[in-house]
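Quick notes on the structure that follows.
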2 protein chains.
Amino acid sequence: MSNHSDLVQHLRARGHRLTPQRRMVLEVLQGSDHHLNAETIARSIARRYPNIAVDPATIYRTLKWLRDADLVSETSLGQNHMVYALISHHRHHHLVCDQCQMVVEVDPQILEPVRNEIERRYDFTPRLDHVAIFGLCNRCRAERAE
Amino acid sequence: MSNHSDLVQHLRARGHRLTPQRRMVLEVLQGSDHHLNAETIARSIARRYPNIAVDPATIYRTLKWLRDADLVSETSLGQNHMVYALISHHRHHHLVCDQCQMVVEVDPQILEPVRNEIERRYDFTPRLDHVAIFGLCNRCRAERAE
DNA sequence: CTACATGCAAATCCTTTGCATCCAC
DNA sequence: GTGGATGCAAAGGATTTGCATGTAG
């Protein structure tokens, strides 16, 4: 389920109302393969439809609605805002630099051994879909070494 | 370096000024082995010293100062606030159940392979001192299966 | 003494909410 | 037609900042 009409159908089938605003937010999320915050989504819509402005409150309400429908992930990358992405997109984790806030996407495979260990040793099912790992990037590490 | 006077010495040696407020924040952080947010720290101080109130702005400034001195970690656990903890050599990770909030402590060794991979493949130094992994515990998983 | 830390209040940023109006179904 | 969605403005919570005052060194 990755294209627009599939998603629309899925939502309709669950009795959700499909407004132009909701379609536009979905469209932006589908057009991006990385995480977006509410403001970025609003700007994307404004750029694509220069004569339309969707209210921030509506963006936020739409995102919560999509999150509650399990279609969108809501993640904190340690910045002062949440970021959102369609769940149907490939899993990926993030390295976030404590100092310069740079974000690097990480091969999801890297956490598979951890998943297995946690399931085996602790009988716990970890939700490792979007994990943020904080630390220092190479540039900032070098900078500090001085 | 885990007791109060050691920390104080360390900071003094670096030319930092040690005020009563800073000592109190340090004291609270040393008295807790889990992550605290600014408000909780303020309340702890108020409880311990009923006639003193440290301004929130001072708490935040102190925490940034300790973070910049690499004595305290500043982490986002996906809530709307940051949490802080002394960077100690006693690492511990936690499994947190999304449903029943149960918390289990996890062998820190479990993340060592991840640390190595991240350092090797991404030239990034992860700060894996207090990682929270969310998911479902065995009880809640069984409950959902019904 | 002096540079730096504090308290206080106001400002900021992201996000949520109340309410009248609007529109998808 | 009607319940749910929108826009607007105002409220909210966490955090930051400006500035006068206080104090650690």
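Order of the sequence lines fixes the chain letters, A, B, ..., with proteins taken first and strands second; residue numbering starts at 1 for each chain. Keep in mind that this is a model prediction, so the values were computed, not measured.
Linking Ile, Leu, Val, Met, Phe, Trp and Tyr residues whenever their side-chain heavy atoms come within less than 4.5 Å places B:I45 and B:V72 in a single cluster.
The ring-ring contact (aromatic ring centres under 6.0 Å, His included) contacts involving residues 52-73 of chain B comprise B:H16-B:W65, where partners must be two or more places apart or lie in separate chains. Sorted by first then second residue, the side chain to side chain donor-acceptor pair (under 3.5 Å) pairs that include residues 50-59 of chain B, not counting sequence neighbours, number zero.
Rounded to an integer number of Å, the gap from CG of B:L63 to P of D:dA14 is 14 Å. Rounded to whole Å, atom C1' of D:dT15 lies 13 Å from atom CD of B:E39. Rounded to a whole Å, the CG atom of B:L36 is 15 Å from the P atom of D:dA14. Separating the CD1 atom of B:I52 from the C1' atom of D:dT23 is a distance of 15 Å, rounded to the nearest angstrom. Rounded to whole angstrom, the span from the CG atom of B:D68 across to the P atom of D:dT16 amounts to 11 Å. Taking atom CG of B:L11 as the reference point, atom C1' of D:dG25 lies 15 Å away to the nearest angstrom. In this structure, the NE2 atom of A:H81 is 25 Å from the P atom of D:dG12, given to the nearest Å.
Taking B:E119 as the reference, nothing meets the side-chain hydrogen bond (donor to acceptor under 3.5 Å, both in side chains) condition, with sequence neighbours excluded. Every residue meeting the side-chain hydrogen bond (donor to acceptor under 3.5 Å, both in side chains) condition with A:R48, not counting sequence neighbours, appears here in chain and number order: A:E27.
Comparing the start and finish of the helix from C:dC1-D:dG25 to C:dC25-D:dG1, five pairs each, the helix axis swings through 40°, to the nearest 10 degrees.
Listed nucleotides: C:dG7, D:dT6, D:dA14. Nearest to the side chain of A:T62: D:dT6.
Comparing B:W65 and A:N37 against DNA chain C, the residue whose closest nucleotide sits nearer the 5' end is B:W65.
In this structure, A:E74 CD and A:D68 CG are separated by 8.5 Å, a value rounded to the nearest 0.5 Å. How far CD1 of B:I59 is from CG of B:L36: 11.0 Å, rounded to the nearest 0.5 Å.
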Next on the checklist: Protein within reach of the bases, or only the backbone? For nucleotides 16-25 of chain C, mark each nucleotide 5' to 3' as B, S or -, using heavy atoms under 4.0 Å.
Outcome noted: BBB-----BS

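Contact annotation: the side chain of B:L26 never approaches that of B:T62 to less than 4.5 Å [non-hydrogen atoms, C-beta and beyond]. You'll find the side chain of A:D107 reaches within 4.5 Å of the side chain of B:Y122, heavy atoms only.
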